[in-house]
Amino acid sequence: MKHLLNLLAAIALLVWGTHLVRTGVLRVFGANLRTMLARSMGNRFSAALSGMGVTALVQSSTATSLMTSSFVGQGLITLPAALAVMRGADVGTALMSVLFSLDLSWLSPLFIFVGVVLFIARQAGTAGRVGRVLIGLGLMLLALEMVMQASGPMLASPVIKMVLGSVRSDIALEIILGTVLAVLAYSSLAIVLLIAAMAASHVVPLDVALGLVLGANLGSGLVAVLTTAKSAVEVRQVTVGNLVFKVMGVLLVAPFIGLWLRHLQPHMPGTAQGVVLFHLAYNILISVGFIGFTQWVARAVAWLLPKPESAQRRRPQHLDPSALSTPSLAISCAAREALYQADVVETMLLGVLQVIRHNDQDLAERLRKMDDEVDELYSAIKYYLTKISREALGEEESRRWADIISFTINMEQVGDIIERVLQDIEDKKIRKGRDFSEAGMAEITELHQRLVDNLRLGMSVFLNGNLRDAQRLLEEKVRFRDLERAYAASHLLRLSDGTVPAMETSSLHIDLISDLKRINSHICSIAYPILESAGALAPSRLKALRAAPAPLNDHP
């Protein structure tokens, strides 16, 4: 029992080390890796080479698959180009398995020591993330050594012998078992290294190990399919196409395992090296041999998973799940989606004046329905941000995270106010056939134009963080409040003069300019985080009173 626990602990440590390396590399180089992928789509061969390089660094073909599929989902690359990237990605992860099969155990304590020092010294910085990668590499090497040590005593167990006897000579069962292991571990690399170590320790026979390797390759494709199961059709097409290639490769290679054992294995330097080189040969075969079939497979997958007839792209568009492992990139994705949310709010706001001028009830209904999209975007952005690892964020990134949350909340509340304004206009003006007075309409137009200008300025402040623009936005809050008071007084004056349109729309007019002021307050709130971080936010009057010294009393 103790030896089984030791083996399970070693397997868990191997999987965890692979996870640390993958997430660490993505956090340090994630944005650059994605840029390299996006720029290498000129032809299928350069795309395959970039996929190989990225996967060799990330040590996960699944991570590369998620990156690539997100590009297709955003319309940045075509499906055949994405499938070409995945052909190279499989070779990249196989090359890393060959590297780790070498005796590098002496590097394990060095990597762990240096990694821990860097991680503790600068946890939130680049040095800390590099330390995370080194810790992961050290743990992987240590885990492989532990697998070798724990495997020996397991051979004497009659239970293990019985289990291995039931698996042996059943290639289909071997492939299924390897697939299940790769899915559970979320890493074909870790499972292939585990299989190689166990084969070297004679825990599993070599022919069984090769069948398990084929299953592990199939499992890596299945993991990507399961991860993107709820994504857009364009995204799922990539992972399904990649799985099709892997299935074709397994069907092609499985019958020739015996030939490998008879003719090639005797020339291998060792059992473990034979396993990982078989893994490499399999991936080179399906990558080089099948790269010319990317167009055909792409057409087949497009037929199997057709795009919806609606020409509109599903929202949210910028919240890329594969970017979550690179927090700085994920925050940029959330910021882009927040700006789109603001664009929807701007469309609603611009339409309000058209509804007022032309009594357009159909337009009012369409604009009110747009608030549902604003609410859905708010929920999606908020949920996306909660999935970003806060511990991996630096101080500046954490502040940006909070700014995005604040911005989306303000936009969501502005959308709610506009929806209520439109409902009031329908109920109190359009259905009753009333109009504002000429002077009242001029005042509303003036306030509306200032509001649109302030919203655009607020979007610029959110995007660029310009201190001067933030100060201008806060100054506009005071001007707008003064205008609202002046126009409310003017309206009361028109009432006292007995102006009929002013009397008929009095309630709506007062409510409308009050609601516009509330919208403006939410927009101007965008400036507060910028001014506060720059130390340019004036203290409140309450704080000033509290800080002021008590007056001296000269008289007894």
Side-chain angles (χ1 to χ4, degrees), residues 34 37-38 40-52 54-55 60-94 175-176 179 182-183 186 188 214-254 282-315 317 320-323:
R34 292 168 65 90
L37 272 179
S40 62
M41 301 300 167
N43 60 72
R44 67 187 69 178
F45 297 102
S46 64
L49 288 174
S50 68
M52 185 189 307
V54 168
T55 307
S60 172
S61 58
T62 302
T64 306
S65 176
L66 295 177
M67 284 188 204
T68 309
S69 59
S70 70
F71 291 156
V72 176
Q74 296 173 28
L76 301 178
I77 62 174
T78 62
L79 178 57
L83 294 177
V85 170
M86 293 314 303
R87 304 284 54 75
D90 293 333
V91 176
T93 190
I175 292 173
I176 292 172
T179 302
V183 170
Y186 199 77
S188 62
L214 291 180
N217 280 276
L218 201 58
S220 68
L222 186 57
V223 165
V225 171
L226 295 175
T227 303
T228 59
K230 296 183 179 180
S231 301
V233 171
E234 297 90 343
V235 174
R236 285 185 282 135
Q237 286 176 345
V238 178
T239 55
V240 170
N242 184 45
L243 181 60
V244 168
F245 275 114
K246 289 181 178 291
V247 171
M248 292 166 57
V250 169
L251 293 176
L252 178 65
V253 173
Y282 162 82
N283 282 289
I284 290 176
L285 176 65
I286 67 169
S287 296
V288 176
F290 291 163
I291 196 168
F293 295 92
T294 52
Q295 292 281 358
W296 293 354
V297 173
R299 283 196 289 268
V301 171
W303 174 80
L304 182 65
L305 296 173
K307 296 180 182 179
E309 295 182 2
S310 173
Q312 290 186 344
R313 197 175 292 278
R314 288 175 57 180
R315 303 299 311 192
Q317 181 179 340
D320 183 359
S322 70

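On a predicted model such as this, the values are computed, not experimentally measured, just so you know.
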- Message: Quiz question: by atom type and distance under 3.5 Å, do the side chains of Asn283 and Arg87 form a donor-acceptor pair?
- Response: no

- Query: Within a strict 4.5 Å, meaning less than it, do heavy atoms of the Ile286 and Leu252 side chains meet?
  - Reply: no

- Nearest heavy-atom approach of Val233 to Pro306 is CG1-O, 3.6 Å

- Task: Provide the closest heavy-atom pair for Ala182 versus Val223 in the form atom of the first, atom of the second, distance.
- Result: O-CG2, 3.9 Å

- Message: Within this structure, what is the CG-CD1 distance for the pair Leu214 and Ile176, rounded to the nearest 0.5 Å?
- Response: 13.0 Å

- If you take all heavy atoms of Thr239 and Val225, which pair is closest and at what distance? O-CG2, 3.5 Å

- Query: Can you tell me if Thr179 uses its side chain to pair, donor with acceptor, with the backbone of Leu218 under 3.5 Å?
  - Reply: no

- Query: Side chains of Met86 and Phe245: does their closest heavy-atom pair fall under 4.5 Å?
  - Reply: no

- Item | Pairwise side-chain contact, Lys246 with Ser220, heavy-atom cut-off 4.5 Å (strictly under) | yes

- Query: At their closest point, which heavy atom of Ile175 faces which heavy atom of Ala254, and how far apart are they?
  - Reply: CD1-CB, 4.4 Å

- Item | From Leu226 atom CG to Leu243 atom CG, the distance as rounded to the nearest 0.5 Å | 9.0 Å

- Message: Quick one: does any side-chain atom of Gln237 pair with a main-chain N or O of Leu305 as donor and acceptor, under 3.5 Å?
- Response: yes

- With a 4.5 Å heavy-atom cut-off, do Val250 and Tyr282 have their side chains touching? yes

- Message: Quiz question: by atom type and distance under 3.5 Å, do the side chains of Asp90 and Asn217 form a donor-acceptor pair?
- Response: no

